[in-house]
Novice: 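Pasting in a structure now, in structure tokens, and then I'll have a few things to ask.
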Amino acid sequence: QKKSKISASRKLMLKSLMVAKAKDELEQELADKEAEKERYLAENAPLLQMSGMSLAELQELCRELHAKISVVDEERYDIEAKVFHNTREIKDLNIKVLDLRGKFKRPTLRRVRVSADAILRSLLGSKHKVSMDLRANLKSVKKEDTEKEKTVEVSDWRKNVEAMSGMEGRKKMFDAAQ
């Protein structure tokens, strides 16, 4: 399953084909909308036949048209009011969401004990089985050895004072202080 690389010229050709297809679909969509508009107007607004009408009939036709216009204007006004109300409500809700985001308190992080094996497993993945014993490389010290060293140091320190004192005057000052 090798991934084949597409050359730059092939990409350009594919993009131009996609743009041409999108342009065709957009033109078709606009033509469909225009046809739908003409069909709707033919159903709901038939052509007026005004030839051969008397003045009274023309006045009555104008009154009917004005009444229909006022009904449509009322509906348009109601719809605009609903749209305005909804957009204002959407803005208010967006502001509330932004306010709530700012007030959110992040929880305090807790310390979690993780073994070295778990860290390696998370870093390397479950495929690698690497176990690391960190304590194996530490120097081992026995208790008995440390106790012997302490006793030796305690018994030797007075002898070392005489050996370490380079000048006799300092030794006399030290002896006088005791």
Side-chain angles (χ1 to χ4, degrees), residues 1-140:
Q1 293 180 357
K2 294 180 182 178
K3 283 191 173 182
S4 61
K5 293 185 178 180
I6 300 175
S7 66
S9 60
R10 178 100 171 127
K11 278 185 183 179
L12 186 62
M13 185 183 72
L14 290 173
K15 283 184 182 180
S16 64
L17 285 174
M18 287 173 56
V19 168
K21 179 72 174 166
K23 182 182 174 188
D24 291 343
E25 287 182 6
L26 185 61
E27 289 173 356
Q28 182 63 38
E29 186 178 333
L30 290 174
D32 290 346
K33 280 185 180 180
E34 189 64 31
E36 178 67 23
K37 180 179 175 183
E38 288 177 12
R39 186 192 59 79
Y40 181 81
L41 287 176
E43 284 179 13
N44 296 329
L47 294 176
L48 293 177
Q49 296 290 330
M50 294 186 295
S51 60
M53 294 181 109
S54 67
L55 183 65
E57 290 174 338
L58 285 174
Q59 287 176 345
E60 183 61 31
L61 180 64
C62 286
R63 284 189 201 106
E64 289 176 10
L65 289 176
H66 281 291
K68 287 181 180 180
I69 289 173
S70 64
V71 168
V72 169
D73 264 351
E74 287 175 9
E75 288 177 4
R76 183 186 55 82
Y77 179 78
D78 292 343
I79 291 172
E80 282 181 358
K82 286 180 184 178
V83 168
F84 178 74
H85 175 73
N86 287 341
T87 54
R88 188 174 58 210
E89 190 173 334
I90 288 171
K91 285 180 184 177
D92 291 343
L93 290 174
N94 283 335
I95 290 171
K96 284 182 182 178
V97 166
L98 291 174
D99 288 346
L100 288 175
R101 276 189 198 160
K103 293 177 184 175
F104 178 71
K105 293 183 180 177
R106 290 177 177 84
T108 56
L109 299 176
R110 298 185 193 114
R111 289 183 179 242
V112 179
R113 288 187 171 219
V114 181
S115 67
D117 292 335
I119 292 172
L120 285 174
R121 239 183 282 123
S122 66
L123 290 175
L124 301 175
S126 59
K127 293 180 181 178
H128 302 283
K129 293 186 178 180
V130 179
S131 62
M132 187 177 205
D133 190 11
L134 297 175
R135 295 181 182 168
N137 297 334
L138 296 176
K139 182 180 176 183
S140 60

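Note that the coordinates shown come from a computational prediction; the quantities given were computed from them, not determined experimentally. Values below: all heavy atoms of this structure, side chains included; hydrogens, waters and symmetry mates excluded.
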Novice: Please confirm whether the backbone N or O of A22 pairs with a side-chain atom of E25, one donor and one acceptor, at under 3.5 Å?
Specialist: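 No; judged by distance alone, with no hydrogens or angles, the pair does not exist.
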Novice: Listed by chain and number, what are the salt bridge (charged side-chain N to carboxylate O under 4.0 Å, His left out) partners of E36, not counting sequence neighbours?
Specialist: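 Salt bridge (charged side-chain N to carboxylate O under 4.0 Å, His left out) list for E36, sorted by chain: R39.
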Novice: Do the charged groups of E64 and K68 touch, with an N to O distance under 4.0 Å?
Specialist: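 The answer is no: the pair does not qualify as a salt bridge.
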Novice: In chain order, what residues pass the salt bridge (charged side-chain N to carboxylate O under 4.0 Å, His left out) check against E74, with sequence neighbours excluded?
Specialist: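 If we apply the salt bridge (charged side-chain N to carboxylate O under 4.0 Å, His left out) test to E74, skipping adjacent residues, there are no hits.
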Novice: At what distance, to the nearest 0.5 angstrom, does CD1 of I95 lie from CG of L100?
Specialist: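 Answer for the CD1-CG pair, I95 versus L100, is 12.0 Å.
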Novice: What is the distance from atom CD1 of I79 to atom CZ of R76, rounded to the nearest 0.5 Å?
Specialist: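 If we round to the nearest 0.5 Å, I79:CD1 and R76:CZ are 9.5 Å apart.
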Novice: Identify whether the distance between the nearest side-chain nitrogen and carboxylate oxygen of K96 and D99 falls below 4.0 Å.
Specialist: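 No, no charged N to carboxylate O under 4.0 Å.
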Novice: Hey, are Y40 and N44 close enough side-chain-wise for a donor-acceptor pair under 3.5 Å?
Specialist: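 Side chains of N44 and Y40: pair found under 3.5 Å.
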Novice: How would you list, by chain and number, every residue that makes a side-chain contact (heavy atoms from CB on, under 4.5 Å) with E75, sequence neighbours excluded?
Specialist: V71
Novice: Between CG of D73 and CD of E80, what distance do you get to the nearest 0.5 Å?
Specialist: 9.0 Å
Novice: What pairs with Q28 under side chain to side chain donor-acceptor pair (under 3.5 Å), at least two apart in sequence or on another chain?
Specialist: D32
Novice: Nearest 0.5 angstrom please: M13 CE to M18 CE, how far?
Specialist: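 The CE atom of M13 sits 12.5 Å away from the CE atom of M18.
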Novice: Could I get the full list of side-chain contact (heavy atoms from CB on, under 4.5 Å) partners for V112, not counting sequence neighbours?
Specialist: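 Expected list: V114.
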Novice: Roughly how far, to the nearest 0.5 Å, is the CD1 atom of I90 from the NE2 atom of H85?
Specialist: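 Here the rounded value is 10.0 Å.
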Novice: Count the heavy atoms belonging to other residues, nucleotides or ligands that lie under 6.0 Å from CG of L26, then report whether that count exceeds 12.
Specialist: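 Yes, enclosed.
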Novice: Can you find a pair of side-chain heavy atoms, one from R10 and one from L14, that are under 4.5 Å apart?
Specialist: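 Yes, their side chains come closer than 4.5 Å.
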Novice: With sequence neighbours left out, write down each residue that passes side-chain contact (heavy atoms from CB on, under 4.5 Å) with S70, or none if nothing qualifies.
Specialist: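 side-chain contact (heavy atoms from CB on, under 4.5 Å) check on S70 returns nothing, list empty.
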Novice: Calculate, to the nearest 0.5 Å, the distance between atoms CD1 and CG belonging to I6 and L12 respectively.
Specialist: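 Here the interatomic distance stands at 12.5 Å.
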